[in-house]
Amino acid sequence: MQVIIDNLPLFASGLLRTLQISFYAAVIALVVGTVMAAFRVSPLPPLRAVGTSWVTVLRNCPLTVVLFFMAFGLPEVGLNGSYFWFGTIGLGLYTSAFVCEAIRSGINAVPAGQAEAARSIGLTFGQTLSLVVLPQAVRMVIPPLGNVLIAMIKNSAIAGAFGVGGDLYSVAATLTSAQGLAALPVLTGVVIGYLLLTIPFGLLLNVVERKVAVVR
């Protein structure tokens, strides 16, 4: 524990950096995942094809491959940027495939009569989806959606391995490799850091789930 106490500012900085990565990646995943879920249930075949291809490719690729593509593939075609944004965007896009499927399952769980009633009063597909179906679908999928986001927080460690810098993974690498400290206490501090992120988030999701639970 002394190692953790002596390096507490460094662990705190890594915790905040990991939180920053997770926040931006979550925003990307939720926005892109929702759009792709809408594509997946669209009446237009080209949009359904785009949504299906997006999920199929990303869900069946290892996260490391996605991050390698973002960090080393994009610069070769002239798209340059910091490793922080490459790692964060890659993590967000990868997670969006799982967000898409979680939201799509909620959309499919909404009774078909809801959409039929909306269309009967003249609402378009987009209006029906955004005003009637999605609000109900999101309430139904809070638990699986929360699990996806918690997994994303843990996956941020893989993004950290690609040179994002300053996150909990980087803290462990700095203390064990550069400073030669014992791995066990350092990794214990890293584990505590991730638990401080995931456990409160899980408790918050439980509260939200109870508040917006759909009565069946």
Side-chain angles (χ1 to χ4, degrees), residues 3-36 58-59 61-75 79-100 102-103 138 142-179 181 183 185-208:
V3 171
I4 300 175
I5 295 172
D6 292 342
N7 296 279
L8 194 58
L10 190 58
F11 281 109
S13 175
L15 180 68
L16 291 177
R17 187 64 161 176
T18 298
L19 181 61
Q20 186 181 19
I21 295 169
S22 300
F23 174 77
Y24 289 128
V27 171
I28 294 170
L30 290 172
V31 172
V32 177
T34 301
V35 171
M36 290 300 159
L58 287 176
R59 193 171 60 175
C61 275
L63 176 56
T64 50
V65 173
V66 176
L67 293 176
F68 263 117
F69 178 82
M70 295 293 297
F72 304 112
L74 293 184
L79 296 177
N80 298 302
S82 68
Y83 281 117
F84 171 82
W85 286 112
F86 279 148
T88 301
I89 293 172
L91 179 61
L93 295 179
Y94 175 81
T95 308
S96 70
F98 299 91
V99 170
C100 170
I103 294 178
V138 171
I142 287 176
L145 200 56
N147 290 336
V148 169
L149 294 178
I150 288 174
M152 184 204 67
I153 294 174
K154 294 184 290 184
N155 284 339
S156 67
I158 302 177
F162 281 79
V164 168
D167 64 311
L168 286 170
Y169 177 90
S170 300
V171 169
T174 298
L175 294 178
T176 56
S177 299
Q179 299 187 23
L181 297 179
V186 171
L187 293 176
T188 299
V190 171
V191 168
I192 293 173
Y194 280 108
L195 291 177
L196 289 175
L197 291 175
T198 56
I199 291 179
F201 185 67
L203 295 175
L204 176 63
L205 286 173
N206 290 336
V207 173
V208 172

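Positions are given from 1 along the sequence. None of the values given here were measured: they were computed from a predicted structure.
- The two residues A102 and L145 make their nearest non-hydrogen contact at CB-CD1, 4.1 Å.
- For the pair L91 and S156, the minimum side-chain heavy-atom distance is below 4.5 Å.
- Residue D167 comes nearest to R17 through the heavy atom pair N-CG, 3.6 Å, listed as atom of the first residue, atom of the second, then distance.
- To the nearest 0.5 Å, atom CE of residue M152 and atom CD1 of residue I21 are 10.0 Å apart.
- Listed by chain and number, the residues in a side-chain contact (heavy atoms from CB on, under 4.5 Å) with F72 are F68, Y83, F162 (sequence neighbours excluded).
- To the nearest 0.5 Å, the span separating CD1 on I153 from OG1 on T95 amounts to 10.0 Å.
- Rounded to the nearest 0.5 Å, atoms CD1 (I103) and OG (S96) are 10.0 Å apart.
- Considering all non-hydrogen atoms of both residues, L168 and L15 come closest at CD2-N, 3.7 Å.
- Judged by distance alone, with hydrogens and angles left aside, the side-chain atoms of T88 form no donor-acceptor pair with the main-chain N or O of W85 at under 3.5 Å.
- Closest heavy-atom contact between L149 and A26: CD2-CB, 4.2 Å.
- For I150 against G202, the heavy-atom pair with the smallest separation is CD1-CA, 4.2 Å.
- Of the inter-residue distances, the one linking L205 atom CG with T198 atom OG1 reads 11.0 Å to the nearest 0.5 angstrom.
- Atom OH of Y94 sits about 8.5 Å away from atom CG of L58, to the nearest 0.5 Å.
- When the side-chain contact (heavy atoms from CB on, under 4.5 Å) test is applied to L204, the partners found at least two apart in sequence or on another chain are V208.
- In this structure, the separation between OG1 on T18 and CG on L196 is 11.0 Å, given to the nearest 0.5 Å.
- The nearest pair of heavy atoms linking Y194 to A157 is OH-CB, 3.2 Å.
- S13 places no side-chain N or O within 3.5 Å of a backbone atom of P9 that could act as its donor or acceptor partner.
- Taking the six-membered ring where tryptophan is involved, the planes of F84 and Y24 are perpendicular, since the angle between them exceeds 60° and thus also 30°.
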